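Being a predicted model, the structure only gives us computed values, none of them experimental.
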Amino acid sequence: MAKPPLSMKPTGWFQVAWSDEIAVGHVHTMTYFGQEMVAWRAESGAVTVMNAYCEHLGAHLGFGGKVVGEVLQCPFHGWQWSREGRNVCIPYQDRPNRGRRIKTYPVVERNESVYIWHDVDGREPFFEAPDIFSDFHDGSSSADYYPQQRLFRQRLEMHPQYVLENGVDFAHFKYVHQTPIVPVFTRHDFAQPVSFVDFTITFEGDDNQKIEDIDSRVEAINGGLGIAVTKSWGMIDNRTISAITPVDEATSDVRFMVYIGRTPGKDSERAETKAREFGHEVIRQFEQDIEIWRHQRYSDPPALAPAEYEGFTAIRNWAKQFYPDGIGGSAAEVYAASEKG
């Protein structure tokens, strides 16, 4: 299994679970960024994500660990750890061990998902994870949509940046999805860690003429490299979330979620069936993209057509800020940096 040229430890918010996977009192095990982790939900409902091993003698807290109120108890000797990763109780000793601490991660829950902040330098979060409803500022909520439909693929040989670059790739619709859609971009905003890409949908007819449907539009918000949310309307109102999280130095877990909008006055069983079918189709098309990404080689520098240059250049320059070296493993820039040294 070859290591990809881009760093697999970027900074940002990344999904590690769905909220409904972690019930009150439950301890959920997982591996991300090469680190064994546990997520657990306290009696108050708050979720904690921390490294998996007890600082006492190294027992894995995900196998037999027990939530006791607001703390996690080790299955080996009963040491209890707080939501901040501090030892608060040794049952056979008067005082806890104040010198040892289990690494914990900043956590937010939104989009029915659990996100952690990952940064190899230990910096605090400097941008927010996007929200599929509130961040589009249109007053919508989950009540306006049918239940979330999901895809989950584990340990695929792909990098989060491959997925984000799809947001500026106008040419793939015809060849990957066999749909006569040509996006016409109306916004490329990569000035901040949270970036924005908007486009209208143009259809290519049999005679190669382009017919623009001004009522069909897509708005995308990229929260770093880990989370992208989209709002689409016109033909069928839908919203999607793609969340790609590195597992180790070669693979990532892929999660994709779809919401299909309810039509006022037409909320019937038949309408829900149709919505579910359309959601399946959106997921199927994302799976077509996955099949490309999981066999893709990162091309650096890429051989771009003139029409592609602006979008791909902008998103690749934007992506550099999320890598520890500010480069991300770009072969051309690593070489340039070494020459200067």
Same apolar cluster (I L V M F W Y, side chains within < 4.5 Å links), Phe173/Leu164: yes
Quick check: does any side chain N or O of Glu128 sit under 3.5 Å from a backbone N or O of Pro130, one acting as donor and the other as acceptor? no
Please tell me if the side chains of Cys89 and Pro96 come closer than 4.5 Å, counting only heavy atoms from C-beta onward. no
May I ask you to decide if Thr230's main-chain N or O and Asn238's side chain share a donor-acceptor pair within less than 3.5 Å? no
Measuring from Thr29:OG1 to His60:NE2, what's the distance to the nearest 0.5 Å? 6.0 Å
Should Ile315 and Val194 be counted in the same cluster of Ile, Leu, Val, Met, Phe, Trp and Tyr side chains packed under 4.5 Å apart? yes
Between Phe170 and Pro183, which heavy-atom pair has the shortest distance, and what is it? O-CD, 3.5 Å
Looking at Tyr92, I'd like to know if its OH atom is crowded, meaning that more than 12 non-hydrogen atoms belonging to other residues, nucleotides or ligands lie closer than 6.0 Å. yes
Give, for atom OG1 of Thr186 and atom CD of Glu219, the distance between the pair rounded to the nearest 0.5 Å. 8.0 Å
Verify the neighbour count for atom CD of Glu124: are there more than 12 heavy atoms of other residues, nucleotides or ligands below 6.0 Å? no
When you look at Ser232 and Val218, which way does the side chain to side chain contact (heavy atoms under 4.5 Å, CB included) test go after all the steps? CA-CA 4 Å; Ser232 307; Val218 178; 3.6 Å; yes
What one should report as the nearest heavy-atom pair of Val67 and Ala42 is CG1-CA, 4.1 Å
Kindly determine whether Phe133 and Tyr259 satisfy ring pair (Phe, Tyr, Trp, His ring centres under 6.0 Å), including the steps that lead there. CA-CA 10 Å; Phe133 296 112; Tyr259 292 92; 5.2 Å; yes
Is the backbone of Tyr145 close enough, under 3.5 Å, to the side chain of Arg262 for a donor and an acceptor to pair up by distance? yes
Interatomic distance, Arg255 atom CZ to Asn111 atom CG [nearest 0.5 angstrom]: 13.0 Å
If you measure from the Lys or Arg side-chain nitrogens to the Asp or Glu carboxylate oxygens, is any gap between Asp138 and Arg239 under 4.0 Å? yes
Got a second to check how far Leu6's CG is from Lys320's NZ, nearest 0.5 Å? 11.5 Å
With the 4.5 Å side-chain cut-off for hydrophobic clustering, are Val254 and Tyr115 part of the same group? yes
Note, Met30 side chain near Asp253 side chain (heavy atom, < 4.5 Å): no
Less than 4.0 angstrom from a charged side-chain N to a carboxylate O is my criterion; do Arg284 and Glu287 meet it? no
Quick check: is Val49 connected to Tyr53 through a chain of hydrophobic side chains (ILVMFWY, heavy atoms under 4.5 Å apart)? no
For Arg276 and Tyr146, run side chain to side chain contact (heavy atoms under 4.5 Å, CB included): C-alpha distance rounded to whole Å, both residues' side-chain angles, the deciding distance at 0.1 Å, then the answer. CA-CA 8 Å; Arg276 190 162 50 248; Tyr146 290 104; over 6 Å; no
Considering all heavy atoms of both residues, which atom of Phe136 and which atom of Ile221 are nearest to each other, and what is their separation? CE2-CD1, 3.7 Å
Tell me, yes or no, whether the heavy-atom count around Gln296 atom CD, taken from other residues, nucleotides or ligands under 6.0 Å, exceeds 12. yes
Check whether any side-chain N or O of Trp117 sits under 3.5 Å from a backbone N or O of Phe127 as a donor-acceptor pair, and report yes or no. no
Would you please classify the geometry between the Phe322 ring and the Trp318 ring as parallel, tilted or perpendicular, with 30° and 60° separating the classes? perpendicular
Between Thr251 and Glu157, is any side-chain donor less than 3.5 angstrom from a side-chain acceptor? no
Quick one: sort the His28 and His26 rings into parallel, tilted or perpendicular, breaks at 30° and 60°. tilted
Kindly check if the number of other-residue, nucleotide or ligand heavy atoms within 6.0 Å of CD (Glu272) is above 12? yes
Looking at Phe126, I want to see if its CZ is surrounded by more than 12 non-hydrogen atoms of other residues, nucleotides or ligands under 6.0 Å. yes
Is a side-chain donor or acceptor of Thr11 paired with a backbone partner of Asp119 at a separation under 3.5 angstrom? no
Checking the side chain of Glu70 only, and the main-chain atoms of Ser44 only, is there a donor and an acceptor separated by less than 3.5 Å? yes
Checking side chain to side chain contact (heavy atoms under 4.5 Å, CB included) for the pair Ile227/Ile241: CA distance, chi angles, key distance, verdict? CA-CA 7 Å; Ile227 311 164; Ile241 311 164; 4.1 Å; yes
Measure the acute angle between the ring planes of Phe256 and Phe286, then classify it against the limits of 30° and 60° as parallel, tilted or perpendicular. parallel
Look at the rings of Phe14 and His118 and say which category their plane angle falls in: under 30° parallel, 30 to 60° tilted, over 60° perpendicular. perpendicular
Is it true that a side-chain atom of Asp198 and a backbone atom of His188 form a donor plus acceptor pair closer than 3.5 Å? no
What I want to find out is whether Asp135 reaches Arg110 closely enough, with some N-O distance under 4.0 Å, to be called a salt bridge. no
Are the side chains of Asp237 and Asp144 in contact, using a 4.5 Å heavy-atom criterion? no
Can you tell if the side chain of Glu112 reaches within under 4.5 Å of the side chain of Met257, non-hydrogen atoms only? no
Should Arg316 and Glu165 count as an ion pair when the cut-off is N to O under 4.0 Å? yes
Other residues, nucleotides, ligands: >12 heavy atoms within 6.0 Å of Arg100 CZ: no
Spell out, as yes or no, whether a donor-acceptor pair under 3.5 Å connects the side chain of Asp248 to the backbone of Ala250. yes
Against the six-membered ring of Tyr105, is Lys103 placed for a cation-pi contact (under 6.0 Å from the centre, within 45° of the normal)? yes
My understanding is that only residues two or more places apart in sequence, or in another chain, count here; which of them pass side chain to side chain donor-acceptor pair (under 3.5 Å) with Glu291? His295
Crowded around Asp94 CG? As in, over 12 foreign heavy atoms under 6.0 Å? no
Of all heavy-atom pairs linking Trp81 and His56, the shortest is CZ2-N, 4.3 Å
Measure up the Tyr162 and Tyr298 rings against each other and bin them: parallel (under 30°), tilted (30 to 60°), perpendicular (over 60°). parallel
Check whether Arg101 reaches the backbone of Glu84 with its side chain - one donor and one acceptor, N or O, closer than 3.5 Å. yes
What residues, two or more places apart in sequence or in another chain, satisfy side chain to side chain donor-acceptor pair (under 3.5 Å) together with Glu310? none
Report the C-alpha distance between Leu72 and Val38 in whole Å, list the side-chain angles of each, state the deciding distance to 0.1 Å, and finish with yes or no for side chain to side chain contact (heavy atoms under 4.5 Å, CB included). CA-CA 10 Å; Leu72 181 61; Val38 293; 4.2 Å; yes
Heavy-atom side-chain proximity of Ser7 to Pro246 below 4.5 angstrom: no
Taking Gln93 for the side chain and Arg95 for the main chain, is one N or O donor matched with an acceptor at less than 3.5 Å? yes
Under a 4.5 Å cut-off applied to non-hydrogen side-chain atoms, are Val163 and Met158 in contact? yes
Please say whether more than 12 non-hydrogen atoms of neighbouring residues, nucleotides or ligands are located less than 6.0 Å from CD in Gln178. yes
Single-linkage hydrophobic cluster, 4.5 Å side-chain cutoff, Val108 and Phe33 together: no
Are Val27 and Phe63 side-chain neighbours, meaning at least one heavy-atom pair lies under 4.5 Å? no
Flag side-chain contact, heavy atom, 4.5 Å: Glu55 against Trp79: no
Do you know the tightest heavy-atom contact between Cys54 and Ile102? CA-CD1, 4.3 Å
